[in-house]
Protein chains: 2
Amino acid sequence: MAQRITMAAVARRAGVSPMTVSNVLRGKASVAPELRARVEEAVRETGYRVNVSARTLRSGHSGVIGLLAPGTDSPFSYYGMLGGLIAQEARRHGLSLVTETPEADLLAEVAAVERARTLAYDGLILTPLALRPEDASLLPAELPVVVLGERPAPTGTAHISLSNQEGMFAATTHLLERGCRSIALLAGDGWPETDPLARRIDGYRDALAAWGGETGEPMLIPVAGLTAQAGREAARDSVDRGLRPDGYVGVTDSVMLGAVRGLADRGLRVPEDALAIGFDGLPEGEFSLPSLSTISPDHRWIARRAVELLQERIDAPAPAELGGLEIRAPFTLVERESTRR
Amino acid sequence: MAQRITMAAVARRAGVSPMTVSNVLRGKASVAPELRARVEEAVRETGYRVNVSARTLRSGHSGVIGLLAPGTDSPFSYYGMLGGLIAQEARRHGLSLVTETPEADLLAEVAAVERARTLAYDGLILTPLALRPEDASLLPAELPVVVLGERPAPTGTAHISLSNQEGMFAATTHLLERGCRSIALLAGDGWPETDPLARRIDGYRDALAAWGGETGEPMLIPVAGLTAQAGREAARDSVDRGLRPDGYVGVTDSVMLGAVRGLADRGLRVPEDALAIGFDGLPEGEFSLPSLSTISPDHRWIARRAVELLQERIDAPAPAELGGLEIRAPFTLVERESTRR
DNA sequence: TTGTATGCGTTATCAT
DNA sequence: ATGATAACGCATACAA
């Protein structure tokens, strides 16, 4: 936008050089208190604002970071919720957040990353759907990146993930403790070994195995995606196929919220006919009927760590050399109506 | 970010001047096809990307627009949902969207607008909570703005609002037609005349009046905010105070979803004990139990018009001179389980 | 149709 | 501690 007042104007007014104004504005140490005061007053009087484009052009960083994550635009969206927290956290670091939702194919993801570079983002918080560990080379080496999510991250990047196996183990065990003996997992059985959420499936299987012989076989109800709509359809289909488990575990809360709805479509009620628990700790689960028990990662912790790690990498002279890092977010099991009888 | 390859490098490689490269990149008409081809190849070979900061510095526009709206970070958020659609629409215009959620006071709002200017946004889609018509002067004259939302907009701006009165009239009438005779409005009675949603209250009153003498007095249940939590608390309190309407109208879906939950907390069920209808057409209302009837504005229409109008103003030589514009989004009444018996 | 000169507003570098 | 100079990469204005 038109930016009439320049640094030079402020400098003239304060009777100093533009360089001094620049130093004051960026909080550089060595400016005499008196000059500093004069400059600050001149800034106020003139209503001066820095021109970010000029600053970025010269200094090489823009103060903008990007969040590339799936489904931020759909209902009950995990990344929609997390995006809000990340934006807050970013602001505390003086950074702005731009959110984008690329399609789930490799080309679109790479294009989104390229776009981020084109737009001069200082860094990227990225939840890849298609990018695999071996695709690390597709990430520009000089672009600071923090990876979120459950897929194996491109090698050499900082990666924050959830305790998928442990979480799902806890969720399944919770249902077992509440008396369920025939527990279905809404997850999709066709998912490849490398699927991001394969660990969650493992946790479910492990919990059944660990409990002893009194549980039925693992029962996998396939869902077509991680949306409420997919969960709803999967639940209906499973009922139509005659499945009647006494407990449901959802790979995500959005899937489970949809599934509870789908069960209701077929006249089945939670928790009366079956218990249900999800994964993600979506705030909406607190308001649903029944309210949804869930494995809730510490979202604020994740947002904070993600921005911190990114900031570190932005500040580092050679981000790539910081190397890989794998950290797990802590979680709690939140018990609500859907697992109470 | 470090941006090694410059336009000059591409130009050298293609054997033309930097200016020709610039023209090719921006699709200027007059470039010989042969040169164009050579330039395009050079761009591919070098992996060149424009430096947006330099372009912005020189040309004055950044390709970024901002959305300033409340509550994008809370569950069942109207603007969270709408923001997703606006981002899609913006992308079709070659624009990126940055979303921010300022606090609901005048200072914070003005600061957010200032910040938008600082960051060289090309324009702003704004839902003011505190800015009033008379505060138009606080908006930089040269900043293209489109205002969304139900408060009276700063004078002289383009404003897209909902058909609040008509919508609420339709919602209330719908409950009357379904047999309700004692209908409460969850809205807050302490709200000033100028409140954004005062028109919705009007619509409710009008509908009761228009129906004839068989309805009770208007019954206003005050809510502390437009969140699910506020709706929940309001509903509980009203029950505790002995109110037992046979129908509820919510100023927003998020309030109503919370209220349905709050009624359940007190053992009351929708639609068995009372019908309920909201306003906003949140997608989550399709998955709730019961699914929520609602007045649903055409969100895609709103997103499309908002970006179109903003683009117009960005392209205009003097945006301010385009003058004020008031348009209303179309809506439909979506009937779901919460109003079926 | 293409190229040349110039400056956008800022900050890195180096000199004082 | 402060200031002078140059350069960041591009697009405007104009010349050829």
Side-chain angles (χ1 to χ4, degrees), chain A residues 1-40 42-43 46-64 94 117-120 122 142 315 317, chain B residues 1-40 42-43 46-64 117-122 142 315 317:
Chain A
M1 280 291 61
Q3 191 91 26
R4 336 213 78 76
I5 311 139
T6 75
M7 221 164 188
V10 177
R12 265 195 308 280
R13 177 144 195 153
V16 299
S17 82
M19 217 34 243
T20 300
V21 177
S22 176
N23 285 331
V24 168
L25 258 42
R26 285 174 305 147
K28 286 288 171 188
S30 45
V31 179
E34 185 211 357
L35 285 195
R36 175 179 301 273
R38 257 174 35 215
V39 167
E40 280 165 353
V43 165
T46 55
Y48 166 78
R49 343 225 107 231
V50 292
N51 178 319
V52 176
S53 306
R55 169 176 285 178
T56 300
L57 176 59
R58 184 63 241 219
S59 73
H61 34 84
S62 60
V64 176
R117 200 160 55 142
T118 299
L119 292 173
D122 287 347
E142 78 280 7
D315 294 340
Chain B
M1 281 290 63
Q3 191 92 28
R4 335 213 79 73
I5 311 140
T6 75
M7 221 154 158
V10 176
R12 266 196 308 279
R13 176 144 194 153
V16 299
S17 82
M19 216 34 241
T20 301
V21 177
S22 174
N23 285 332
V24 169
L25 259 43
R26 284 173 305 144
K28 285 286 170 187
S30 45
V31 179
E34 185 209 358
L35 284 195
R36 175 180 299 274
R38 258 170 41 210
V39 167
E40 280 165 353
V43 165
T46 54
Y48 168 78
R49 342 225 106 231
V50 292
N51 179 318
V52 176
S53 306
R55 172 176 285 179
T56 300
L57 177 59
R58 187 61 240 225
S59 73
H61 35 85
S62 60
V64 176
R117 200 160 54 143
T118 299
L119 292 173
Y121 295 167
D122 286 348
E142 78 282 5
D315 295 339

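None of these values were measured; they are calculated from a predicted model. Chain naming here is simple, since letters A, B, ... match the order of the sequence lines and numbering starts at 1 in each.
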| field | Spatial distance of atom CZ (Arg49(B)) from atom OG1 (Thr6(B)) [nearest 0.5 Å] | value | 14.5 Å
| message | Between C1' on dT1(C) and CG on Leu35(B), what's the gap in Å once rounded to a whole number? | response | 9 Å
| Sugar-phosphate, base or nothing in reach of Met19(B), heavy atoms under 4.0 Å | base
| message | Without decimals, in angstroms, what is the distance between Ile5(A) CD1 and dC8(C) P? | response | 16 Å
| task | Hey, could you give me the CG/CG distance between Asp122(B) and Asp315(B), rounded to the nearest 0.5 Å? | result | 9.5 Å
| query | Can you tell me how far C1' of dC8(D) sits from CZ of Arg55(B), to the nearest Å? | reply | 16 Å
| query | What is the distance from CZ of Arg12(B) to P of dT2(C), rounded to the nearest Å? | reply | 20 Å
| remark: Taking dA11(D), dG9(D), dT10(C) as options, the one with an atom nearest any side-chain atom of Arg26(B) is dA11(D)
| field | Atom pair distance, as rounded to whole Å: CG in Asn51(B) and C1' in dC8(C) | value | 13 Å
| message | Let's see if you can work this out: which of dC8(C), dG3(D), dG3(C) has an atom nearest to the side-chain heavy atoms of Val16(A)? | response | dG3(D)
| Among dT11(C), dC10(D), dT4(C), the one nearest Arg58(B) by side-chain distance | dC10(D)
| field | Gap between atom OG1 of Thr56(B) and atom CG of Asn51(B) - 0.5 Å precision | value | 8.5 Å
| task | Let me know the distance between CE of Met7(A) and P of dC8(D), rounded to the nearest Å. | result | 19 Å
| Contact nearer the 5' end of DNA chain C, comparing Ala54(B) with Thr20(B) | Thr20(B)
| field | Minimal non-hydrogen separation, Val39(B) against Val10(B), with atom names | value | O-CG1, 4.3 Å
| Length of the line joining Leu57(A):CG and dA6(D):P, which is rounded to integer Å | 18 Å
| field | Shortest side-chain distance from Val31(A), nucleotide among dT4(C), dT10(C), dT2(D) | value | dT2(D)
